[in-house]
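Below is one structure, written out as structure tokens, with a few remarks after it.
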Amino acid sequence: MDLEQEEMQFLGIFGIYKEAYKIIFSWKKIFSQIAVALILPLCFIFLAYIEVSDYLFQKIVIHEFELDGTRVDSAKYNKISDLLSSELIAFWLLKLAYLVFTLIFSLLSTSAVVYTIACIYTGREVTFKKVMSVVPRVWKRLMVTFLSIFVAVFAYNIFAILILILWALCIGPDKIGILILWVMFILYLVGLSYMSIIWQLASVVSVLEDLYGFRAMVKSRALIRGKLVVAIVIFLKLNISLIIIKIAFERLVVYGASLGMANRIEYGILCFLLLFKLFLFGLVLQTIIYFVCKSYHHENIDKSALSDHLEVYMGEYVPLKAKDVQLEQYDV
């Protein structure tokens, strides 16, 4: 990064985008290697799941329809029932495998990108081999943070369900009630988006500081203050881009039989490449936002301390101590 830390607090949305592009293109070799090793499989899993799950779901719907029109306990009924049970088991196993592998590659990719940018920031030599040797040790901390945010989101949804039940009992679906329900739904989405942003920043905190789990979430919440609007706009644009790519893949590839196989393959490759670049760009952005937030709160990171703690020492990853990144203040 060419900017001094105290200057990063003044970066807006386009400044953060510019810094992200500059880092990726200045270090395109290492980021290309990380992307091919970790982000490429993630993209393949994401798109392949859409294709395969839709195929299984359509078969399940067809067989359920056939089952409804077949006499109970007949040979045909039992055959369709057994086939339907197998398809349902396959569908849920596919969903479970998708969640597991998506989580693993997401955490590994986050670890690799955050660690790489931290090395670039400190001026330390970074190689693909070094990154891949550190990543397996770092991602365990990210898993704890993920489980913590999962618990928080679960509690949030339980609270939302209780509010919904209270609405049904006390207000009901009249005109005013429907309006209140829409307001509640919007507030629910806002809260869920806020927790998503907290999680993204907490992932970076988990890699670069000695905080993880709920403590990383608390730290992330404190850091995001003052830069919340910038973070919301950036993450919202990333999520909208992801939704657009997903819809395009479904329309042009999954349901694009009328377009011909050659066109579907071309559109599939295009969606894959766009998703590939989006995931890499998003990971770089969330790391830069971390440094911007640190700068905004005048929490000066000691580059030498960060550099020392990014080293693999005695075969173990040593995270940055909180005192190295929080206690040192600078004057603007």
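Note that the coordinates shown come from a computational prediction; the quantities given were computed from them, not determined experimentally. What you see below is based on every heavy atom in this structure, not just the backbone, and it leaves out hydrogens, waters and symmetry mates.
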Following the transitive rule for hydrophobic clusters with a side-chain heavy-atom cut-off under 4.5 Å over Ile, Leu, Val, Met, Phe, Trp and Tyr, establish whether [X] and [Y] coincide in one cluster.
X: Ile176; Y: Leu181; value: yes
X: Leu179; Y: Val190; value: no
X: Val218; Y: Phe154; value: no
X: Leu189; Y: Ile178; value: yes

Would you say [X] and [Y] make side-chain contact, with heavy atoms under 4.5 Å?
X: Leu38; Y: Phe279; value: no
X: Tyr115; Y: Lys130; value: yes
X: Gln286; Y: Leu201; value: no
X: Trp199; Y: Met217; value: no
X: Val113; Y: Ile34; value: yes
X: Val207; Y: Thr287; value: no
X: Ser196; Y: Phe235; value: no
X: Ile232; Y: Tyr194; value: no

Point to revise | Centroid separation Tyr156 to Tyr188 less than 6.0 Å | key: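 Distance test on ring centres: under 6.0 Å, yes.
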Practice item. Determine, using ring centers only, whether Phe281 and Tyr17 are less than 6.0 Å apart. Key: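 Aromatic pair counts; centres sit under 6.0 Å.
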**Study point:** Step-by-step side chain to side chain contact (heavy atoms under 4.5 Å, CB included) determination, Leu252 to Leu270
**Key:** CA-CA 11 Å; Leu252 301 173; Leu270 177 61; over 6 Å; no
Point to revise | Those residues that, when tested against Tyr49, pass side-chain hydrogen bond (donor to acceptor under 3.5 Å, both in side chains) (two or more places apart) | key: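 Applying side-chain hydrogen bond (donor to acceptor under 3.5 Å, both in side chains) to Tyr49 gives Lys95.
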Practice item. To the nearest 0.5 Å, tell me how far Ile104 CD1 sits from Leu107 CG. Key: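 CG of Leu107 is found 8.5 Å from CD1 of Ile104.
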**Study point:** Side-chain donor-acceptor pair present, Ser206, Thr145, cut-off under 3.5 Å
**Key:**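 Side chains of Ser206 and Thr145: pair found under 3.5 Å.
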